[in-house]
Q: 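This is the structure, below, for whatever I ask next.
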Amino acid sequence: MAQTRLMRELERQGISRREFLTFCASMAAVLGMPKSASATIARAIETEERPILVWLEFQDCAGNTESFLRAGHPTVADLILDTISLNYHETLMAAAGTQAEDALESTVAKHKGKYIALVEGSIPADADSGYCMVGGRSALDIAREVCGNAAATVAVGTCATFGGLPAARPNPTRALSVADAVPGVKNLIHLSACPANAENITALIVYYLTVKRWPPLDQYRRPLFAYGTLIHDACERRAHFDSGQFVEEWGDEAHRHGYCLYRMGCKGPATSQNCPIVQWNSHTNWPIGCGHPCLGCAEPNFWDVMTPFYERLPNVAGVSASRWLDPVGLTASGAVAAAAVIHGIGEVRRYRRGHHRPPEDKGHADENKHESDSNEESRK
Amino acid sequence: MTHVVVDPITRIEGHLRIEAEVEGGKVTQAWSSSTMFRGVELILEGRDPRDAWAFTQRICGVCTTVHAIASIRAVEHAIGVTPPPNARLLRNLIIAAQNVHDHVIHFYHLQALDWVDIVSALSADPAKTAKLAQSLSDWPLSSTAYFSDVRNRVKAFVERGQLGIFANAYWGHPAYRLPPEANLMALAHYLEALDFQRRFIKIHAILGGKNPHLQSFLVGGMATPVDPDAQASLNLGTIAELRKLVAEGVDFVSRVYVPDVLAIASFYKDWFSIGSGVSNYLSYGDFPMDDSPHPVLYIPSGVIHAQDLTQIASVDQTKIAEYVTHSWYDYTVGNDAGLNPYHGETNPNFTGPKPPFKRLNVEEKYSWLKSPRYDGAPMQVGPLARMLVAYGLNRPTRAKTLIAAALKQLDAPPSALFSTLGRIAARAIEAQVLVESMGMWVEGLADQMARRDYRIQDTSHWHPSTWPKDCFGAGFHEAPRGALGHWVHIRDGKIAKYQCVVPSTWNAGPRDAHGQPGPYEASLEGTPVAKPDQPLEILRTVHSFDPCMACGVHVVDATKRELARVRVS
């Protein structure tokens, strides 16, 4: 019995039932589910056979792999690693060369249509370009085969989701996202950010185990539980923004007391992710928490549209000034400024909701807007 | 003669292919090929130099701080700004934490499985394992019950039949020589190290907001405020937290990591005379101890030629040149020339076989790495180079003491360091030197708070209008894998040209214009291969360098190409 097996494992690892349920409850919280859902999650983890995952690395930096290794709640996260079967992952697997290729090949053949593919890194558009090859094969060729035969594909990180750094202007290698490199791939989910947060990767897998489908998505096919809120709206420094209290210089008193980083270039008002809520490295901290502005790393083409990083919004390439109030309004004080700010943020929200497409986005606009029926083919 | 191809080389960062000729049970010749290219330096042209650290940081997510550090140093050098003391202390702490974290992960999760047979661990006697572990250190977890738990857990995992990342490996290979008890101990520590690395790296989250890809770097300083009287700053609470994390690090490195490395090495002593390869070593040095323009470096710089530890030369960056004779790039000045990075160019031109392919044409170009040379000679870089320089210099250092103790324990001469095992041992010793040094910088921050010096950044040079119109800078850093340099040319406040010469380029680069092999290639010559279809020994030597291929790939294009301008209003 699977359930007994899990109980045995928990015991063997010195994990009490209580700790396990606490983990399930924290997962429910990350996923934005009611507390009562934790029982469902626990049941799903306990009874499911271990699903097979393969993790492909293309034009990547292994940052998402490293992030995955930092998954919090350590002992129980180990259990989650034991709960999935990671059949291919170049950075972690013991086998090399031919034996590594065999592991991938036999997984694709034996478990066709049943495994989950995770992809890290972008993919050069031209298979013959030589810009990314593994085992003498092009990244494009491997992605077509492995993602094409998967039950579902998760693009982990901004490079796999939107093309990311390699696709930044002038995109020397014609790097593409998974969606653009392998059109029509089934059940594609995006976990953008540079890197994707370990807690969101884990939560997504748990969600899938629990309800056997992907969670509701935003217009970029990202799970709403992680990307449904603007950083700005959940930021611990928001009250300072609303009161017009801003950092003006690195290390000034305002900076030391945690005032708003908007004027130092913070992209939180134009970026959706749950950083302020989930934070990083077992809830230790997050970028704004340590005094640096948000770079907007979860957003499409952020290397081009959110730069220069230290220019305040909207003075960056990707955000049109016409959609904003003159930022001078923000330097005024008192009620007038507050009204201006509220209006400005309303503008940002509309921008974020997709009423205005960012100039660089090639468009996932027709797909799956805020809907949960994500098990359909994403791209025809 | 057998032609062996290992691609992908796994348990590394990035994409690496090794081809080797094996004759009489030994490698006679080897070729190292990097098979991925992105173009980061080209992407940087025309951008704000203050943003460059974030772009170059993404060259690698494993050594996630190193390109950010080299980048801010290069830009600071160019515009003439010195970060205040707090920034120096914060950077030293971040760099040391990165090195220690990286070395631990490398040994346990990337390298150990070349020496440790997990299947053999299942037949170990937990009581004997406990006895062995207790003889090495007083680590509190080394009990019979503990090792019994680990064995049973892994046994259950294997019995379920889904081996995941442990499937298809070379288990049972004749080159595995550890007794089952040593295998079980190492396996237990593989799992423990997974937990350790997650906890220890909270240092980066405290000082940089998150890991990977910390976000507190600034040209001219750091963005992490320091103020004992402010909740939103590094204060005495965070100092206490840092002290605790550093102490845990010292504990794990000195009571688990270093004893494990020395114990495993004692079963494989023949590997002290395998894999020596290129006999020159280069260290730029790092960890400035004061705020002068030419500070004393805690890890010293120096150049060693022909394994001669009595003559350590000083480093002169003008002697660095890169070759593309066997790299998929063209030079406008001819493909046999060597170019200093200030004058470097990178025009990618893939001329390799069309994928899918079986073999590279190693007579022609065969890698995305260039071949850096120092004064015409190939150089090994990394922990061994750093430890050799520290060992050879005529002054007492912690490194010297620890190296001498390790050699004594293994009953090995200093020349044993020039080897595959020497690189692994030097990495562990360096981790101990650095983790022990971290307390000094934590206390330095506390002293700064006592002095009420809260400066974290030189605000007078933040705006580009304060910079020279046209300036050049070079930033040097000792990354976990070795000597890293960034070169930048800034014109009118924008990046005109950017170049990186990276540790894995030094170590993993192909042959140069004179046919001299790079360090991976040279070290593989003579490496035994018992079973060419299971080239475990090739992995041992390659992994001993800790490959980081995404870093190594040269990513420049020098000039000429028009960039879409980033709008600044």
Side-chain angles (χ1 to χ4, degrees), chain A residues 12 50 59 61-63 66-67 70 74 85-87 89-90 92-97 99-100 102-103 128-138 165-166 168-170 172-173 194-195 249-251 255-258 280-281 284-287 289-292 295 307-311 315 317, chain B residues 6-10 13 15 35-39 42-43 48 50-51 54 58 60-62 113 149 152-153 162 164-169 195 198 202 205-206 209-213 215-216 223-225 227 230 232-233 350 352 354-357 455-457 459 539 550 563-564 566-569:
Chain A
R12 198 177 294 129
R50 291 196 300 158
Q59 285 178 301
C61 73
E66 286 282 338
S67 184
R70 311 283 185 274
S85 182
L86 190 54
N87 284 19
H89 191 312
E90 283 166 44
L92 300 174
M93 67 195 301
Q99 286 82 0
D102 288 350
D128 296 339
S129 64
Y131 291 141
C132 186
M133 305 173 289
V134 182
R137 291 174 71 191
S138 70
L165 177 67
R169 280 196 291 264
T173 58
C194 189
E249 221 172 41
W250 307 112
H255 193 209
R256 301 203 302 276
H257 285 282
W280 288 77
N281 303 99
T284 303
N285 206 352
W286 68 301
C290 94
H292 193 281
L295 300 180
T307 49
F309 287 129
Y310 300 99
E311 281 292 329
N315 298 349
Chain B
V6 194
D7 181 6
I9 296 272
T10 51
E13 195 293 322
H15 303 285
T35 59
M36 192 273 277
F37 173 84
R38 285 175 294 178
L42 172 55
I43 291 164
D48 188 329
R50 295 171 300 178
D51 289 355
R58 269 67 179 188
C60 185
V62 174
L113 300 181
D149 279 355
N152 294 343
R153 180 186 181 186
Q162 281 180 295
I165 57 168
F166 299 111
N168 255 19
D195 270 353
R198 271 190 287 263
K202 286 185 181 181
I206 291 168
K210 65 175 176 138
N211 172 290
H213 295 332
Q215 203 164 309
S216 59
T224 325
D227 184 344
S233 295
F350 180 70
K354 191 177 152 178
F357 61 86
R455 291 171 300 147
I456 49 170
Q457 200 255 356
T459 51
L539 291 183
L563 266 189
V566 176
R567 190 166 64 83
V568 188
S569 26

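Just so it is clear, the structure is predicted and the values come from calculations on it, not from any experiment.
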Q: At their closest point, which heavy atom of A:Gln59 faces which heavy atom of B:Phe37, and how far apart are they?
A: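 The pair with the smallest heavy-atom distance is NE2-O, 2.9 Å.
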
Q: Look at A:Gly130, A:Gly251, A:Ser138, A:Gly258 and state which one has the largest set of heavy-atom pairs under 4.5 Å with chain B.
A: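 Looking at each option in turn, the highest pair count goes to A:Gly130.
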
Q: For B:Asp48, is it the side chain, the backbone, both or neither that has a heavy atom under 4.5 Å from a heavy atom of chain A?
A: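 For B:Asp48, the side chain is the part near chain A, not the backbone.
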
Q: Check whether any side-chain heavy atom of B:Cys60 sits under 4.5 Å from a side-chain heavy atom of B:Glu13, and report yes or no.
A: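 Answer yes - side chains close enough.
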
Q: Specify which of B:Ser216, B:Ala54, B:Ala167, B:Pro212 makes the most heavy-atom pairs with chain A at under 4.5 Å.
A: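 The candidate making the most pairs under 4.5 Å is B:Pro212.
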
Q: Is there a side-chain contact between B:Met36 and A:Cys132 in this structure, where contact means two heavy atoms from C-beta onward sitting under 4.5 Å apart?
A: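 A side-chain contact exists here, since the closest heavy-atom pair is under 4.5 Å.
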
Q: As an exercise: rank A:Trp250, A:Trp286, A:Trp280 by heavy-atom pairs under 4.5 Å with chain B and give me the winner.
A: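 Most heavy-atom pairs under 4.5 Å with chain B: A:Trp250.
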
Q: At a heavy-atom distance under 4.5 Å, which candidate from B:Ile9, B:Asp227, B:Thr224 has the highest pair count against chain A?
A: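 Among the listed options, the one with the most contacts to chain A is B:Asp227.
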
Q: Less than 4.5 Å apart, side chain to side chain, heavy atoms only: is that true for A:His255 and A:Glu249?
A: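 No, every pair of side-chain atoms sits at 4.5 Å or beyond.
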
Q: Given heavy-atom pairs under 4.5 angstrom as the criterion, report whether the side chain, backbone, both or neither of B:Lys202 touches chain A.
A: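 When you check distances to chain A, atoms from both the backbone and side chain of B:Lys202 fall under 4.5 Å.
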
Q: Among residues at least two apart in sequence or on other chains, which ones pass side-chain contact (heavy atoms from CB on, under 4.5 Å) with B:Ala205?
A: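 B:Ala205 satisfies side-chain contact (heavy atoms from CB on, under 4.5 Å) with A:Asn281, A:Thr284, A:Asn285 only.
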
Q: For the candidates B:Val62, B:Leu113, B:Val6, which exhibits the highest count of non-hydrogen atom pairs separated by less than 4.5 Å from chain A?
A: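 Ranked by contacts with chain A, first place is B:Val62.
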
Q: With side-chain contact (heavy atoms from CB on, under 4.5 Å) as the test, pick out the partner of B:Lys210 among A:Ser67, A:Pro287, A:Cys290.
A: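 The single option meeting the side-chain contact (heavy atoms from CB on, under 4.5 Å) with B:Lys210 is A:Pro287.
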
Q: Search all heavy atoms of B:Gly61 against all heavy atoms of B:His213 and return the closest pair with its distance.
A: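 Scanning both residues, the minimum pair turns out to be CA-CE1, 3.6 Å.
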
Q: Between B:Pro225, B:Ala230, B:Ser233, which has the largest tally of heavy atom pairs under 4.5 Å with chain A?
A: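 Counting heavy-atom pairs under 4.5 Å, the top option is B:Pro225.
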
Q: Applying side-chain contact (heavy atoms from CB on, under 4.5 Å), can you list everything that pairs with B:Pro8, at least two apart in sequence or on another chain?
A: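 Per chain and number, B:Pro8 pairs via side-chain contact (heavy atoms from CB on, under 4.5 Å) with A:Tyr88, A:Glu90, A:Ala100, A:Glu101, A:Val134, B:Thr10.
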
Q: Taking every heavy-atom pair that is under 4.5 Å apart, which of A:Ala95, A:Gly136, A:Gly291 has the most such pairs with chain B?
A: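 The residue among A:Ala95, A:Gly136, A:Gly291 with the greatest pair count is A:Gly136.
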
Q: If I measure from the heavy atoms of chain A, does B:Arg455 come under 4.5 Å with its side chain, its backbone, both, or neither?
A: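 No part of B:Arg455 comes within 4.5 Å of chain A.
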
Q: Considering only heavy atoms, which portion of B:Ile206 lies under 4.5 Å from any heavy atom of chain A: side chain, backbone, both, or neither?
A: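 The answer is both parts of B:Ile206.
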
